[in-house]
Each structure stands twice: as structure tokens, then as C-alpha cells.
Protein chains: 2
Amino acid sequence: MISHKILKRFLLYRICLHKFQRLGFTKVFSYNLGEEAGVTAEQVRKDFSLLGIKGSKRGGYDIEYLLLEINNIFKQNGERYVIIVGMGNIGQALANYQGFRENKIITVAGFDLDPSKYTRKNIIPVHHPDKIDEIVREYGVKTAIIAVPEAAGQEVCDRLVASGIRAVLNFSPIILHVPEHVTVNYVNLRNELESLFYYT
Amino acid sequence: MISHKILKRFLLYRICLHKFQRLGFTKVFSYNLGEEAGVTAEQVRKDFSLLGIKGSKRGGYDIEYLLLEINNIFKQNGERYVIIVGMGNIGQALANYQGFRENKIITVAGFDLDPSKYTRKNIIPVHHPDKIDEIVREYGVKTAIIAVPEAAGQEVCDRLVASGIRAVLNFSPIILHVPEHVTVNYVNLRNELESLFYYT
DNA sequence: GATTTTTTGTGAAAAAAAGTACAAAAAATG
DNA sequence: CATTTTTTGTACTTTTTTTCACAAAAAATC
């Protein structure tokens with residue numbers, strides 16, 4: 001089991017590796033990657049060593065191979081479906097976000113109580129939350145994004161878990177109570193911004 | 001100097017404290033707060049103790065007082081201005097996001113290269129990036145959000161730093177190189193979502 | 001092909017974070 | 001008002017994470 005902290009670091013490395021690739025490199029040394037990612041070279045080596053990812057002494061690491069291994073951690077070869085519950089500000093922005101598609105993550109559908117959002121103008125189909133169960137089962141979706149107001153967060157989450165969702169990205173400013181087998185990743189935009197005012 | 005990890009925990013506590021307040025409570029015990037926030041009671045007490053925030057033995061902590069102390073960390077009584085550079089998907093969603101306004105954070109302006117965005121229809125005024133310096137100095141803005149495509153990220157950041165920005169919330173998928181006195185907080189939505197696929 | 005240089009890979013050490021345990025305080029009870 | 005109960009605050013321990021240090025491998029040089 002890899003800790004969330006290390007998982008995030010692998011994703012960070014991937015961003016840097018893509019940059020190196022764009023610049024025409026095919027190999028990197030741990031200190032190149034470390035400098036770019038803002039961590040020490042030892043940390044980079046330890047992280048790769050943890051997964052049994054090998055470099056060559058004096059030759060460094062092969063970028064293509066690193067990317068392959070990192071993508072494997074996140075199952076990039078499999079079907080990666082996601083649904084978005086709550087098509088307000090954030091939900092809509094995520095639906096339109098190119099970043100997900102680039103990485104072979106398919107946003108299957110969005111859900112919202114407001115019928116005015118069930119239009120074809122959206123980039124993804126939007127349904128009433130009552131259809132969550134149907135669609136989750138049809139596509140075998142295992143991952144969901146919660147972007148509803150806080151009052152609705154826990155109820156939406158319970159519904160998702162009941163339908164078979166196993167991983168949740170939660171933008172609502174609440175702590176979700178979920179069974180053991182479900183993972184929640186929290187993103188609180190207000191807190192992320194506000195934390196900065198400590199430093200100003 | 002408080003670590004970023006602990007800062008984030010204080011903001012998490014605040015969310016929980018607001019919930020308790022809404023439910024009519026005026027006092028909390030460390031284990032109430034811990035359970036709600038998903039940390040141990042000892043952790044809660046340690047965190048508060050770190051800042052010299054006192055409870056009363058057997059009486060617990062006064063919610064009002066805790067909120068006051070937490071808000072002090074993040075300078076909620078002072079002027080908290082922010083600008084948004086890049087009014088695409090995410091930039092626009094953030095401009096519309098109620099969460100910031102609720103917490104007395106004032107979004108002064110947005111910036112984008114696309115002139116079609118300089119309309120009065122936006123919730124905040126949007127200008128050409130050339131006006132960054134003028135507006136940052138006029139309002140004494142110290143905090144900025146970067147939500148531009150990755151290719152422009154570093155250049156935008158350099159400009160912001162040159163204008164006097166000291167803290168950056170960066171949504172672009174790049175590591176920013178900044179001088180010592182500038183703090184960067186990274187939010188990578190793609191990575192946040194993708195990290196979940198490790199668990200599915 | 002021997003020597004030097006460079007870089008990985010990993011144990012050992014250090015630092016940071018979290019958890020344990022319990023004395024001290026204070027409210028509640030008898 | 002003495003005793004019991006509850007909860008804070010913090011020293012101490014354990015665990016996790018990071019850094020240090022260096023042997024081993026391999027490319028480059030002589």
C-alpha cells in the first residue's frame with residue numbers, strides 16, 4: 001500500500017517527465033527530476049526504488065519507462081470512468097476540463113437537481129440524481145466527484161457508495177463518513193486559498 | 001512557523017466548528033472535534049496547544065474563541081484581496097465561487113488575454129494581463145491565483161512576483177520557481193482525481 | 001584494459017508527525 | 001466538602017518520512 005503522499009509525488013514526477021519529454025530528453029537523472037519537482041534526488045530514487053523501478057547506474061532513468069510505470073499505478077490502461085454529482089460552478093468547470101480527457105479519464109455523466117441543466121448544450125449528459133444508480137451500474141463506474149452544496153454532501157455520498165462507488169473526490173466542505181473500502185480525497189478550494197493568508 | 005499540514009488541519013477544524021455552531025453548540029470537547037474532522041482527540045489538543053489556545057479542563061473548548069483564534073492565523077480581520085490570472089474554466093468557476101466571499105476574501109479582478117472576456121457580464125472585472133501591475137499596486141494585493149495553461153504559468157508567476165505578490169495558489173500543472181519570500185500552494189485537479197484510481 | 005568519474009540503490013541516522021499515558025484541573029455527585 | 005468523574009495539557013514512545021553517506025555499477029577517459 002503506497003501512502004497518499006507518495007502517490008501525489010509520483011503524479012508530480014509525471015508532470016515533470018512530460019516536460020522533459022517535450023524538451024526532447026529521453027533520460028533523466030534523479031537530480032534533474034528532483035530539481036524540477038522540488039524534492040531531493042534521494043527522495044526521487046527512494047520513491048522509484050519503493051516500486052522496484054530501476055534506473056541504470058551512471059545512465060539515469062529512462063523517461064518512457066518511468067511514465068509507463070507511473071501510469072500503471074493509476075491504471076491508465078484500464079477503463080477509467082468518472083461521474084460528477086453537482087453541476088454548479090465547480091462541477092461544470094470540471095466537466096469542461098480538458099485535463100481529464102487528456103489522461104484517458106472519461107467523464108460519463110453529470111447529475112444535478114436543476115432540470116435547466118439537462119440540456120444538450122453541456123459537454124456531457126446531465127441527469128437527475130435518481131439516475132445515478134442506473135448509470136454507475138451500466139458503465140461500472142467506480143469513481144465519483146462530489147461538487148454539491150455541503151448540506152447535500154453526505155446524502156449524495158451514501159447514495160454513491162450504495163451504487164458501488166469506491167473512490168470519491170469531494171469538493172464539498174464536509175468530512176464524509178464512508179465504509180472502510182471507500183477512499184475519499186478532499187479538495188477544499190476555500191481552504192487552499194485561505195491557507196496562503198498565513199504567509200502574507 | 002506552522003507547517004502547511006497543521007495549517008490545513010486548522011482550516012478543517014474550522015469547517016467542523018461551523019457545523020457545530022449551526023447545530024447550536026457553544027462548546028466542544030477534543031474528541032467531538034476529532035471525530036468530526038477525522039483525526040484523534042490528542043491531535044486536536046496538540047494542535048491547539050501549539051498555538052497556546054487553551055480549553056478548560058472538563059469544560060472543553062469554547063467554539064467562538066477557537067474560531068477567533070483560527071481566523072487570526074489567516075488574518076481574517078485584515079484586508080484579504082486576491083486576483084485571478086486566467087479566466088478559463090477554472091478561473092471563471094473560482095470567480096463565481098461563493099466560498100471566497102463568505103470568508104471575507106475579496107476577488108479584486110481577473111485577467112485574461114481573450115478580449116471577449118472583458119465584458120460586464122462577469123461577476124468581477126476582467127482585464128488584459130498588462131494591467132496586473134497597476135491593480136496589484138492599487139489595492140496592495142499580496143495573493144494571486146494562477147489558472148492559465150501550463151505554457152504561460154511561469155511567465156505569469158514572474159510577473160506577479162515582480163508586482164509584489166507574495167503568495168500564489170497555482171492550478172497550472174507545473175512547478176513554479178519563485179524567490180524565497182514567495183509561497184506557492186499547488187492544486188492539480190487532474191492529479192487529485194487520478195490519485196483515486198490507485199484505489200479502484 | 002586500467003583508472004577515473006558519475007550516478008544509482010539502500011542501509012543507517014535524523015527529523016517530523018502521530019499516538020500513548022497519565023498527572024492536574026475542574027465540574028459533578030454524594 | 002470530600003470523592004468521583006471527566007477532560008485538558010504535555011512529557012514520553014512509536015511510527016513515518018526525510019536526509020545522509022557510501023558501496024556498487026557502469027559509462028567515459030586515458
Side-chain angles (χ1 to χ4, degrees), chain A residues 1-13 16-17 20 25-70 73 175 183 185-186 191 195 198, chain B residues 1-13 16-17 20 25-70 73 175 183 186 191 195 198-199:
Chain A
M1 185 59 104
I2 307 174
S3 80
H4 196 246
K5 202 168 194 177
I6 297 179
L7 281 181
K8 295 285 281 293
R9 244 184 351 244
F10 277 121
L11 290 166
L12 181 61
Y13 296 154
C16 302
L17 290 169
F20 285 131
F25 295 102
T26 61
K27 301 248 172 196
V28 269
F29 299 130
S30 56
Y31 57 86
N32 301 136
L33 191 48
E35 187 170 24
E36 188 63 28
V39 302
T40 64
E42 297 82 1
Q43 186 83 88
V44 171
R45 296 203 296 276
K46 267 250 165 80
D47 285 342
F48 287 144
S49 150
L50 185 75
L51 292 201
I53 296 175
K54 299 275 179 200
S56 99
K57 292 194 173 163
R58 179 104 209 222
Y61 297 88
D62 184 79
I63 294 179
E64 199 82 46
Y65 167 62
L66 289 181
L67 285 172
L68 203 75
E69 289 287 346
I70 293 173
I73 303 174
I175 306 304
T183 305
N185 187 12
Y186 295 89
N191 286 2
S195 69
Y198 171 71
Chain B
M1 187 57 104
I2 307 174
S3 80
H4 196 248
K5 202 167 195 178
I6 296 179
L7 282 181
K8 295 285 280 292
R9 246 189 341 249
F10 278 120
L11 290 166
L12 181 58
Y13 296 154
C16 301
L17 291 169
F20 286 131
F25 294 103
T26 61
K27 301 249 171 196
V28 268
F29 298 131
S30 56
Y31 56 86
N32 301 136
L33 192 48
E35 187 170 23
E36 188 64 28
V39 304
T40 64
E42 297 81 7
Q43 186 82 87
V44 171
R45 296 202 296 275
K46 256 217 185 118
D47 285 342
F48 287 144
S49 151
L50 186 75
L51 291 203
I53 297 175
K54 299 276 180 201
S56 97
K57 292 195 173 163
R58 179 107 205 219
Y61 297 88
D62 184 79
I63 293 179
E64 199 81 47
Y65 168 62
L66 289 181
L67 285 171
L68 202 76
E69 289 289 344
I70 293 173
I73 304 173
I175 306 304
T183 305
Y186 295 90
N191 285 2
S195 68
Y198 170 71
Y199 303 100

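Owing to the predicted nature of the structure, the values given are computational and were not obtained by experimental measurement. Residue numbers begin at 1 in each chain, while the letters A, B, ... track the order of the sequences. The analysis underlying the following values was restricted to heavy atoms, covering all of them including side chains, and did not include hydrogens, waters or symmetry mates.
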Original post:
Do A:Lys5 side-chain and D:dT16 base share a donor-acceptor contact under 3.5 Å?
Top reply: no

Subject >> Parallel, tilted or perpendicular: ring planes of B:Phe48 versus B:Phe10, cut at 30 and 60 degrees >> reply: tilted

Which whole-number value in Å describes the distance from [X] [atom1] to [N] [atom2]?
{"X": "A:Phe10", "N": "D:dT17", "atom1": "CZ", "atom2": "P", "value": "13 Å"}
{"X": "B:Asn32", "N": "D:dT6", "atom1": "CG", "atom2": "C1'", "value": "13 Å"}
{"X": "B:Leu51", "N": "D:dG9", "atom1": "CG", "atom2": "P", "value": "12 Å"}
{"X": "A:Arg45", "N": "D:dT19", "atom1": "CZ", "atom2": "P", "value": "12 Å"}
{"X": "B:Glu42", "N": "D:dT13", "atom1": "CD", "atom2": "C1'", "value": "13 Å"}

Find every protein N or O atom lying less than 3.5 Å from an N or O atom of nucleotides 27-30 of chain D, and list the pairs.
{"from": "D:dA27", "atom 1": "N3", "to": "A:Arg58", "atom 2": "NH1", "distance (Å)": "3.0"}

[X] versus [Y], closest heavy-atom pair with distance:
{"X": "B:Lys27", "Y": "B:Gly59", "value": "CD-O, 3.6 Å"}
{"X": "B:Tyr13", "Y": "B:Asp47", "value": "OH-OD2, 2.6 Å"}
{"X": "A:Leu17", "Y": "A:Ile63", "value": "O-CG2, 4.0 Å"}

Original post:
Does B:Arg45 offer a backbone N or O that forms a donor-acceptor pair with the side chain of B:Tyr61 under 3.5 Å?
Top reply: no

May I ask you to say what [X] touches in the nucleic acid, namely base, sugar-phosphate or nothing, with a heavy-atom cut-off under 4.0 Å?
{"X": "A:Phe48", "value": "nothing"}
{"X": "A:Gln43", "value": "sugar-phosphate"}
{"X": "B:Lys54", "value": "sugar-phosphate"}

Original post:
Given C:dT8, is OP1 or OP2 found less than 4.0 Å from the side-chain N or O atoms of A:Ser30?
Top reply: yes

Original post:
Any side-chain N or O of A:Tyr61 less than 4.0 Å from the OP1 or OP2 oxygen of C:dT8?
Top reply: no

